[in-house]
*Asks:* 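My questions all concern the structure below.
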Amino acid sequence: MVLRTVVIWACLALAACGADSPPAQAKRVALVVGISDYQYSPKLANPRNDAGRMVEELDKLGFDVTAAIDADRRALIAALDRFYDAARGAEAALFYYAGHALQARGVNFLVPADAELRSEPLLKHEAIALQDIVTTLEERATFTIAFLDACRDNPLATKLQRSIVANDRSLRPPEGLAPMGGGSGDTYIVFSAKPGATAADGTDGHSPFTAALLKHVSTPGLEIDDMMGRVTKSVAAATGRRQVPARQSQLTQAFYLNPRNFGVAPSINSSRPSVPADPSAGSGQGDLCAGSNPSVACLFTK
């Protein structure tokens, strides 16, 4: 009886201590992809810069971040596999992509650094279907969030799309990315330009979309749809309404990138070592992943 009383009092004491302790932060993971150095498609000035700054902001917000910079298809698939494993049981899995993308027969494809875009039959072997990424994340995390700063002008993608239309007169020449069907998860997908429109790469170090996203993403206590309302307004103003982002929401509950009502949340991911920067990489990669931030793992390909 005495032992039982001691155990009960011990449990009550622990509960009381727990009540005064801050709740543990939910697991949140992110994969940030930025591809500037294309082998066959036109090179882009800003995706590497965009990705680097997004890594910094998401790390501050407590995301466990992996970055894939100038990744070819093999490296991008490896990064995605790692991301899928990390997303199991996570509160949120966030995917950010900056680079070339295209749609073919209503399917959106992300273009790795080594994609040649030679023909429609080879497309699924050269590029990666965006819907597959979203569906996989929906199976693993409570919230699936995707920011797509893609569909920057790509003559090779345009040539491929025209060849597809030429072989099937029932199709129209597509522009931009296509709207996506939703699955069963709490999913939020953001396109840097509305479906059927292209996005600007930008001339001052960042694309108009990512510049606006960086401005608002850490705003404390702002629900994601309210945050994106501010981003949309900023992009429209910066581009004279030539580019207006679009979002597809399938959320059944509120989601906050920065749920705290004061400042940004500190990173909780200080234990994971970074992957050393590739010494042969161009400027930008070394700055992003030179080992100064131990909570960011980086993957390269050359």
Side-chain angles (χ1 to χ4, degrees), residues 23-33 54-55 57-66 68 79-98 101 103 106-110 128-150 177-195 209-210 212-214 216-233 235 244-261 264-265 267-269:
Q25 184 167 339
K27 177 183 176 183
R28 304 202 294 177
V29 298
L31 173 60
V32 174
V33 179
M54 282 303 301
V55 165
E57 291 303 310
L58 292 174
D59 180 61
K60 291 177 185 177
L61 291 171
F63 280 85
D64 186 358
V65 187
T66 297
L80 284 167
D81 285 342
R82 178 176 183 168
F83 184 39
Y84 296 152
D85 287 341
R88 293 185 185 277
E91 177 209 26
L94 188 152
F95 178 68
Y96 170 90
Y97 177 84
Q103 63 161 302
V107 177
N108 295 323
F109 290 92
L110 307 182
I128 295 176
L130 176 60
Q131 186 66 63
D132 292 346
I133 297 173
V134 171
T135 300
T136 303
L137 295 176
E138 286 177 331
E139 296 171 350
R140 287 161 169 74
T142 302
F143 290 98
T144 296
I145 311 296
F147 292 110
L148 306 167
D149 196 355
L177 297 181
M180 292 176 57
S184 58
D186 276 85
T187 303
Y188 196 84
I189 301 173
V190 179
F191 298 92
S192 59
K194 63 184 180 180
F209 174 76
T210 295
L213 187 59
L214 291 168
H216 299 291
V217 70
S218 295
T219 304
L222 198 62
E223 202 275 331
I224 190 170
D225 208 45
D226 294 330
M227 184 274 293
M228 273 308 306
R230 298 186 183 189
V231 171
T232 299
K233 183 177 180 179
V235 174
V244 179
R247 50 198 189 269
Q248 292 183 207
S249 177
Q250 197 173 284
L251 298 182
T252 62
Q253 51 190 317
F255 179 77
Y256 298 82
L257 283 160
N258 185 4
R260 303 176 67 169
N261 58 7
V264 296
S267 173
I268 59 171
N269 310 305

*Asks:* Any chance you could measure Asn258, atom CG, to Ile224, atom CD1, to the nearest 0.5 Å?
*Replies:*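 Nearest 0.5 Å value for the CG-CD1 distance: 12.0 Å.
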*Asks:* Nearest 0.5 Å please: distance from the OG1 atom of Thr187 over to the CE atom of Met180.
*Replies:*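 Output value for this atom pair is 9.0 Å.
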*Asks:* Does a side-chain heavy-atom distance below 4.5 Å link Leu31 with Tyr97?
*Replies:*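 Leu31 vs Tyr97: side chains apart.
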*Asks:* Could you report the tightest heavy-atom contact between Gln250 and Gly185, atom names first, then the distance?
*Replies:* NE2-O, 2.9 Å
*Asks:* Working to the nearest 0.5 angstrom, can you tell me the gap between Thr219 OG1 and Arg230 CZ?
*Replies:*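 It is 5.5 Å, given to the nearest 0.5 Å.
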*Asks:* What closest approach, in Å, do Gly106 and Ala178 show between heavy atoms, and which atom pair accounts for it?
*Replies:*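 Smallest heavy-atom distance, with atoms named: O-CB, 3.7 Å.
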*Asks:* Under 4.5 Å between any side-chain heavy atoms of Leu61 and Val217, yes or no?
*Replies:* yes
*Asks:* So, Asp149 side chain and Ala98 main chain: donor-acceptor pair closer than 3.5 Å or not?
*Replies:* no
*Asks:* Looking at every non-hydrogen atom in both residues, tell me the closest pair between Ala30 and Leu58 and how far apart they are.
*Replies:* CB-CD1, 3.9 Å
*Asks:* How many angstroms lie between CG in Leu130 and OG1 in Thr135, if you round to the nearest 0.5 Å?
*Replies:*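 Here the interatomic distance stands at 9.0 Å.
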*Asks:* Within a strict 4.5 Å, meaning less than it, do heavy atoms of the Met228 and Phe147 side chains meet?
*Replies:* yes
*Asks:* Before you tell me yes or no, could you show the steps for Thr232 and Val244 under side chain to side chain contact (heavy atoms under 4.5 Å, CB included), namely the whole-Å CA-CA distance, both residues' side-chain angles and the distance that decides it to 0.1 Å?
*Replies:* CA-CA 6 Å; Thr232 299; Val244 179; 3.9 Å; yes
*Asks:* Test Thr144 against Glu138 for side chain to side chain donor-acceptor pair (under 3.5 Å), laying out the working first.
*Replies:* CA-CA 6 Å; Thr144 296; Glu138 286 177 331; 5.4 Å; no
*Asks:* Could you walk me through whether Thr252 and Asp186 pass the side chain to side chain donor-acceptor pair (under 3.5 Å) check?
*Replies:* CA-CA 6 Å; Thr252 62; Asp186 276 85; 2.7 Å; yes
*Asks:* Using a 4.5 Å cut-off on heavy atoms from C-beta on, say whether the side chain of Asn108 contacts that of Gln131.
*Replies:* no
*Asks:* Measuring from atom CZ of Phe143 to atom CD of Gln253, what distance do you get when rounded to the nearest 0.5 angstrom?
*Replies:*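 Here the rounded value is 3.5 Å.
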*Asks:* Would you say the side chain of His216 lies within less than 4.5 Å of the side chain of Lys233, judging by non-hydrogen atoms?
*Replies:* no
*Asks:* Show the nearest heavy-atom pair for residues Gln248 and Phe191, with the distance to one decimal.
*Replies:* OE1-CE1, 3.5 Å
*Asks:* What's the shortest heavy-atom distance between Leu177 and Ala101, and which atoms?
*Replies:*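 Leu177 and Ala101 have their closest heavy atoms at CD2-CB, 3.9 Å.
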*Asks:* Look only at the side chain of Ser192 and the backbone of Leu148, and say whether a donor-acceptor pair between them is shorter than 3.5 Å.
*Replies:* yes
*Asks:* Examine distances only and state if a side-chain atom of Arg28 and a backbone atom of Leu257 form a donor-acceptor pair shorter than 3.5 Å.
*Replies:*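 Side chain of Arg28 to backbone of Leu257: a pair is present.
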*Asks:* Do Tyr96 and Ile145 come within less than 4.5 Å of each other through their side chains, counting heavy atoms only?
*Replies:*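 Of all side-chain heavy-atom pairs linking Ile145 with Tyr96, none is under 4.5 Å.
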*Asks:* Run Ile128 and Phe109 through side chain to side chain contact (heavy atoms under 4.5 Å, CB included) and show every step you take.
*Replies:* CA-CA 5 Å; Ile128 295 176; Phe109 290 92; over 6 Å; no
*Asks:* Do the non-hydrogen side-chain atoms of Tyr256 and Met227 ever get within less than 4.5 Å of each other?
*Replies:* no
*Asks:* Looking at CZ of Phe83 and CG of Leu137, how far apart are the two atoms once the value is rounded to the nearest 0.5 Å?
*Replies:* 5.0 Å
*Asks:* Does any part of the side chain of Val134, heavy atoms only, come nearer than 4.5 Å to the side chain of Phe95, both counted from C-beta?
*Replies:*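 No, every pair of side-chain atoms sits at 4.5 Å or beyond.
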*Asks:* Can we say Asp225 and Arg247 salt-bridge, meaning some charged N sits less than 4.0 Å from an Asp/Glu carboxylate O?
*Replies:*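 Salt bridge between Asp225 and Arg247, a charged N being under 4.0 Å from a carboxylate O: yes.
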